[in-house]
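So the structure is just underneath, and the comments pick up after that.
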Amino acid sequence: MKISGKATLTGTQKYRERHHQDCIAAHFREANDWVVSSIGIGTYLGAADSRTDDRVTDAIIESVKNGINLIDTAINYRYMHAEWSLSHALRALIRDEVVSRDELIICTKGGFIPDLDRISWFYSRYIENSRFSIKPGDLVAECHCLHPEYIWDQLERSLDNLGVETIDIYYLHNPEMQLSEVSPEIFYHRLMLAFEVLEKAVSQGKISSYGLATWDGFRVPPTHPNHLDLAKAKAIASQVAPNGTDHFKFLQLPFNATMLEALVQPTQQVKRTWLPVLEVAHRLGLSVISSASIGQTKAVGQIPEALEGILDQTPLTPTLQALQFTRSCPKL
């Protein structure tokens, strides 16, 4: 039986009230009708084996017990093992009455092929299956697909893997991958069809909101082939929403002491003005969640020179300094 419920304002407020005395100031923040911890737990790296499964499950449980209510995964992380690990953690946390479902914000992603034998798996399951109208040209870079039937099927699989009735944030995973093989016109048409599917998923209670989880798309200059136009994407979401009120509410992108583009590079245009993506997201009502917050340790010890004197006065390890740099960024 799947876990019912979803993140709510009341539930996430209850989580904050229980943990606020144990957490640093401004740890909990408001984002699109939830109270969200300023640090989340991700589930990206590791081998696809039972030992890693257990360690990821334990890490999620300990994180939730200690003030983290944002949990991020993706169907392709460790070839679906990450979602299974999260499912085990959720069941243990709820069974032991550590939290209720409405206190946690569960995020996952779709777009990449979640199988080691990517091409043959994709062909046998989708292209050669009469249930789907997916064609070979819908597969990009031998690993990525935004076809609406594929996104819907991947969402259903994630719901089964996670064992939940509702996913709080469902991201299209690195959609800029598509631009390696298709024109911007085709890409934005594919994005529109994917957004239509996600709005349908919201209406059926399968997800609460959706977003774009990107790597290059919003950090590169507009002349770069992988560049994404956030204002255009938001306009497409509004266009396909049944009443004009869309549920495209989140961005995920890398930001850390060595990857500052989201804050300082004017890659996005709004009303003929070029601005950094964090500013544009704020103006469009989108919440931004950082990935690679310490750059998989590459940002540790790389604090910008202007801040070294300030952070040197804090009783933080280099790793915590790097994390604090990220969580202190305006509009994150």
Side-chain angles (χ1 to χ4, degrees), residues 1-24 26-43 56-75 82-110 155-171 198-211 213 241 245-252 285-290 327 332:
M1 181 178 294
K2 290 183 178 178
I3 299 168
S4 61
K6 59 185 180 181
T8 66
L9 177 59
T10 300
T12 54
Q13 285 174 333
K14 180 173 63 176
Y15 184 87
R16 175 180 59 187
E17 290 165 6
R18 196 163 59 252
H19 289 276
H20 78 280
Q21 291 183 338
D22 301 323
C23 296
I24 59 178
H27 174 56
F28 291 102
R29 303 166 182 186
E30 294 184 3
N32 285 292
D33 299 324
W34 298 319
V35 174
V36 186
S37 56
S38 65
I39 299 172
I41 180 168
T43 59
V56 171
T57 296
D58 290 344
I60 294 169
I61 291 171
E62 287 304 306
S63 296
V64 172
K65 286 180 177 178
N66 288 280
I68 290 175
N69 73 335
L70 177 72
I71 310 170
D72 181 85
T73 191
I75 193 169
E83 289 189 333
W84 298 335
S85 295
L86 175 49
S87 177
H88 295 150
L90 289 175
R91 292 191 180 280
L93 288 163
I94 293 171
R95 179 197 65 217
D96 296 341
E97 300 182 348
V98 176
V99 291
S100 55
R101 172 65 184 90
D102 61 354
E103 298 178 57
L104 300 178
I105 297 138
I106 307 302
C107 319
T108 194
K109 315 176 188 75
L155 169 59
E156 293 280 15
R157 289 177 185 277
S158 286
L159 288 166
D160 289 342
N161 290 343
L162 294 166
V164 298
E165 289 185 352
T166 304
I167 292 164
D168 300 303
I169 308 173
Y170 189 82
Y171 293 107
L198 296 179
E199 289 291 341
K200 176 183 174 183
V202 172
S203 70
Q204 294 187 9
K206 295 180 184 294
I207 63 175
S208 293
S209 58
Y210 61 91
T245 303
D246 64 85
H247 295 82
F248 174 25
K249 296 182 177 182
F250 289 90
L251 285 187
Q252 187 183 101
L286 295 162
S287 296
V288 182
I289 296 175
S290 170
R327 72 174 291 278
L332 264 182

Answer yes or no: is there a side-chain heavy-atom contact under 4.5 Å between [X] and [Y]?
{"X": "L286", "Y": "F250", "answer": "no"}
{"X": "E62", "Y": "D58", "answer": "no"}
{"X": "T108", "Y": "E83", "answer": "yes"}
{"X": "V36", "Y": "F28", "answer": "no"}
{"X": "L70", "Y": "L104", "answer": "no"}
{"X": "Y171", "Y": "I289", "answer": "yes"}
{"X": "C107", "Y": "T73", "answer": "no"}

Verify, without hydrogens or angle tests, whether [X] (side chain) and [Y] (backbone) share a donor-acceptor contact under 3.5 angstrom.
{"X": "W34", "Y": "I105", "value": "no"}
{"X": "T57", "Y": "H88", "value": "no"}
{"X": "D102", "Y": "K6", "value": "no"}
{"X": "E199", "Y": "H247", "value": "yes"}
{"X": "S158", "Y": "L155", "value": "no"}
{"X": "S87", "Y": "L162", "value": "yes"}
{"X": "N69", "Y": "V35", "value": "yes"}
{"X": "S287", "Y": "A31", "value": "no"}
{"X": "T43", "Y": "D72", "value": "yes"}

Any chance you could measure [X], atom [atom1], to [Y], atom [atom2], to the nearest 0.5 Å?
{"X": "E30", "Y": "N32", "atom1": "CD", "atom2": "CG", "result": "10.5 Å"}
{"X": "L86", "Y": "I61", "atom1": "CG", "atom2": "CD1", "result": "10.0 Å"}
{"X": "Y170", "Y": "Y210", "atom1": "OH", "atom2": "OH", "result": "13.5 Å"}
{"X": "L159", "Y": "I3", "atom1": "CG", "atom2": "CD1", "result": "11.5 Å"}
{"X": "S208", "Y": "I167", "atom1": "OG", "atom2": "CD1", "result": "9.5 Å"}

inquiry  = So for atom CG, which belongs to D160, do other residues, nucleotides or ligands contribute more than 12 heavy atoms lying within a distance under 6.0 Å?
reply    = yes
Please check if the number of heavy atoms outside K2 that lie under 6.0 Å from its NZ is greater than 12.
yes
In short, salt bridge (charged side-chain N to carboxylate O under 4.0 Å, His left out) pairs touching residues 86-101 with sequence neighbours left out are R101-D168
Note: T166 and G5 closest approach over all heavy atoms is CB-O, 3.7 Å
Looking only at heavy atoms, the pair that brings A89 and I60 closest together is CB-CG2, 3.6 Å
Paired with R327, the side-chain contact (heavy atoms from CB on, under 4.5 Å) test is passed by just one of S290, S38, S37, namely S38
Which of I207, I169, V164, L90 passes side-chain contact (heavy atoms from CB on, under 4.5 Å) with I106? Answer is L90
- Item | Worked verdict on H27 versus H20 for side-chain contact (heavy atoms from CB on, under 4.5 Å) | CA-CA 8 Å; H27 174 56; H20 78 280; over 6 Å; no
| request: Could you walk me through whether E156 and K206 pass salt bridge (charged side-chain N to carboxylate O under 4.0 Å, His left out), step by step? | output: CA-CA 8 Å; E156 293 280 15; K206 295 180 184 294; 3.2 Å; yes
Quick note, side-chain hydrogen bond (donor to acceptor under 3.5 Å, both in side chains) partners involving residues 7-17, not counting sequence neighbours, are K14-S100
